[in-house]
Amino acid sequence: QMPHAAEYPAIISAVDARRVLLHLQRLGSSTTCSNAKSVQSMVDRLGYVQVDSINVLERAHHMILGTRLDGYRPEHLAHSLEGTRTLWEHWTHDACIIPTKWYPHWKHRFVRYGVRVQRSSWWAAHFGDDPLKTIRRTLARVKRDGPLKARDFEPPKNHRSAGWWEWHPEKAALEYLWRSGKLAIARRDRFEKVYDLTERVFPDAYGLAQSSQATHIHWACSEAIARIGIATPTEMARFFSAVTLVQARAWCVQAVARGELIEAVVPDVRQGMKPTKCVALKNWKTLCLAPNSHRIDLLSPFDPVIRERARVERLFGFEYRFEAFTPAAKRVYGYYVLPMLEGDTLIGRVDPKFDRAKGTLIVRGPWWEPGVKASKVRMQKLELAIDRLAARIGAGNWTMSL
């Protein structure tokens with residue numbers, strides 16, 4: 001007897017899978033005008049927005065939001081992050097801005113982080129001779145005097161910094177207290193963290209009970225698939241870096257058994273590569289919308305759509321490497337290369353840099369993907385994309401050359 005058709009995995013093309021991803025990640029469709037409300041909604045929709053210290057062009061979180069929200073300004077984000085406190089900054093796979101409503105799920109991470117630090121020789125080496133004393137002293141100082149920056153704590157006289165990673169003991173203590181939930185980032189001054197007691201920064205969220213383990217796993221996996229649409233268990237586990245691969249796999253099996261998700265197979269766009277087994281939202285077809293190709297968007301190196309490099313390669317056929325930490329002589333394209341998205345296709349890349357002293361955005365490139373023609377219309381779309389970027393960062397003019 002033939003099995004029911006529903007028992008077979010759905011075959012979803014790579015083009016359809018990437019269209020679902022772009023739709024859920026709010027790229028490739030009509031953009032929204034930015035204000036404080038739309039920024040809050042966008043972070044809620046994305047799940048997180050990564051923060052990064054590199055400022056050769058624009059901070060990562062501002063660029064990610066600016067790509068999706070026309071007329072975006074940093075003060076739109078500050079309203080929720082430093083005003084209403086409905087957004088906060090903590091860790092997923094990296095430092096990110098996250099909806100505060102999920103704070104109880106981060107209490108699991110606080111515990112894990114505390115244990116991990118205690119076992120880390122690197123951290124132990126930076127805490128000084130008496131780690132617990134350093135931590136208690138630092139916390140007491142913030143409680144008495146806070147909000148404070150790391151520079152408000154004088155390094156020991158015999159401390160010699162060998163670089164930005166060479167933290168003095170109090171800086172290490174502040175980071176430990178932040179990552180383990182005792183302190184929060186009240187704000188940033190020129191990107192420098194200002195720490196305060198978590199109960200003073202987020203009094204309501206701080207008092208919420210930690211979610212149960214089962215609730216936490218369900219939250220992490222269900223919220224991840226809601227933002228990816230079609231994913232492997234690995235991609236779901238890595239989305240918030242909140243659960244293990246084993247936990248994500250088990251949840252996927254249960255979700256399929258409950259009829260909440262379907263099993264799927266996505267062929268690779270690259271010749272000779274094996275298809276990828278995934279799970280998918282049952283309504284994935286309604287999310288598979290052909291994106292507008294009337295414009296080109298320049299994506300941050302930290303954009304959530306290109307974060308999973310293996311997924312970018314199998315769905316888009318686009319190989320991307322972040323080369324900022326590669327020696328200049330060994331870079332293929334440049335320091336801070338931005339992929340170019342046109343419709344549902346990654347068509348090439350540019351390498352921009354903001355010369356703030358001259359107020360000029362300097363763009364190297366473009367480098368087009370094989371088969372992509374630099375037509376007059378396409379060049380006009382690229383120029384409009386650079387216009388939008390220059391306006392957002394405050395560049396008075398821009399130049400482009402290979």
Side-chain angles (χ1 to χ4, degrees), residues 9 17 20-21 24-25 43-51 87-120 175-176 178-182 184 198 202 205-206 208-264 266 276-282 284 302-312 314-315:
V20 170
L21 175 67
L24 292 175
Q25 290 291 307
V43 180
D44 285 342
R45 178 60 260 169
L46 297 178
Y48 64 82
V49 173
Q50 186 170 340
V51 176
L87 297 175
W88 71 308
E89 185 180 336
H90 212 268
W91 215 256
T92 59
H93 65 292
D94 209 318
C96 288
I97 295 166
I98 313 153
T100 309
K101 63 185 178 183
W102 289 339
Y103 187 90
H105 294 291
W106 259 254
K107 293 195 172 186
H108 296 267
R109 193 181 304 262
F110 298 157
V111 174
R112 290 199 307 270
Y113 186 80
V115 172
R116 194 177 79 184
V117 167
Q118 291 171 19
R119 296 173 179 172
S120 167
E175 282 291 302
Y176 167 79
W178 170 52
R179 297 194 197 187
S180 58
K182 305 294 191 305
T198 304
F202 302 106
Y206 181 79
L208 296 175
Q210 177 176 308
S211 58
S212 69
Q213 181 75 346
T215 300
H216 180 63
I217 293 171
H218 178 72
W219 162 80
C221 294
S222 62
E223 295 291 352
I225 193 65
R227 288 160 176 81
I228 309 173
I230 303 161
T232 66
T234 298
E235 290 165 357
M236 292 169 63
R238 282 170 51 87
F239 190 85
F240 292 111
S241 296
V243 296
T244 66
L245 177 56
V246 170
Q247 290 169 333
R249 282 175 174 162
W251 185 87
C252 288
V253 170
Q254 295 162 5
V256 170
R258 292 192 299 264
E260 296 172 3
L261 302 177
I262 61 170
E263 293 181 322
V266 180
T276 301
K277 294 180 179 179
C278 300
V279 292
L281 296 173
K282 292 179 69 176
W284 69 268
F302 303 98
D303 195 284
V305 163
I306 62 168
R307 175 192 159 198
E308 293 288 349
R309 306 293 196 242
R311 181 174 63 204
V312 172
R314 65 182 175 83
L315 294 187

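A quick note: this is a predicted structure, and the numbers were derived from the prediction, not measured.
The ring pair (Phe, Tyr, Trp, His ring centres under 6.0 Å) check on Trp102 picks up Trp219, Phe240, with sequence neighbours excluded. The side chain to side chain donor-acceptor pair (under 3.5 Å) test applied to Thr244 returns Gln247, not counting sequence neighbours. Remark: Ala280 pairs with Ile12, Ile230, Ile262, Ala264, Trp284 by the side chain to side chain contact (heavy atoms under 4.5 Å, CB included) rule, at least two apart or across chains. Partners of Phe302 according to the ring pair (Phe, Tyr, Trp, His ring centres under 6.0 Å) rule, which considers only residues two or more places apart in sequence or in another chain, are Phe322. Not counting sequence neighbours, Ser180 has no partner by the side chain to side chain donor-acceptor pair (under 3.5 Å) test. Under the ring pair (Phe, Tyr, Trp, His ring centres under 6.0 Å) criterion, Tyr48 pairs with His93, Phe239, not counting sequence neighbours. Under the side chain to side chain contact (heavy atoms under 4.5 Å, CB included) criterion, Val111 pairs with Gln210, not counting sequence neighbours. For Trp251, the side chain to side chain donor-acceptor pair (under 3.5 Å) partners two or more places apart in sequence, or in a different chain, are His218. For the side chain to side chain donor-acceptor pair (under 3.5 Å) test, residues two or more places apart in sequence or in another chain that qualify with Ser212 are Thr215.
Within the structure, the salt bridge (charged side-chain N to carboxylate O under 4.0 Å, His left out) test picks out the following pairs touching residues 227-256 (sequence neighbours left out): Glu223-Arg227, Glu235-Arg311, Glu235-Arg314, Arg238-Glu308. Applying the side-chain hydrogen bond (donor to acceptor under 3.5 Å, both in side chains) test to pairs two or more places apart or on separate chains, those with a residue in residues 252-262 are Arg258-Glu260. Residue pairs meeting the salt bridge (charged side-chain N to carboxylate O under 4.0 Å, His left out) criterion with at least one member in residues 90-106: none, sequence neighbours excluded.
Using a 4.5 Å heavy-atom threshold, the side chains of Trp88 and His90 count as touching. Two residues are said to be in side-chain contact when any heavy atoms from C-beta on lie closer than 4.5 Å; Val49 and Cys96 fail this criterion. Leu46 is listed as a side-chain neighbour of Gln25, based on a closest heavy-atom distance under 4.5 Å. Using a 4.5 Å heavy-atom threshold, the side chains of Leu261 and Ile225 count as touching. Counting heavy atoms from C-beta outward, Val51 and Ile97 have side chains that approach closer than 4.5 Å.
In this structure, Ala226 and Leu281 approach most closely via the heavy-atom pair CA-CD1, 4.4 Å. Between Pro233 and Leu245, the closest heavy-atom pair is C-CD1, 3.8 Å. Residue Ala242 comes nearest to His216 through the heavy atom pair O-NE2, 3.4 Å, listed as atom of the first residue, atom of the second, then distance.
Geometric assessment of Arg179 against the ring of Trp91 yields a positive cation-pi assignment under the 6.0 Å and 45° thresholds.
Between Trp106 and His108, the gap from one ring centroid to the other reaches at least 6.0 Å.
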Practice item. Please test Leu21 against Ile228 for side chain to side chain contact (heavy atoms under 4.5 Å, CB included), starting from the C-alpha separation and ending with a verdict. Key: CA-CA 5 Å; Leu21 175 67; Ile228 309 173; 4.1 Å; yes
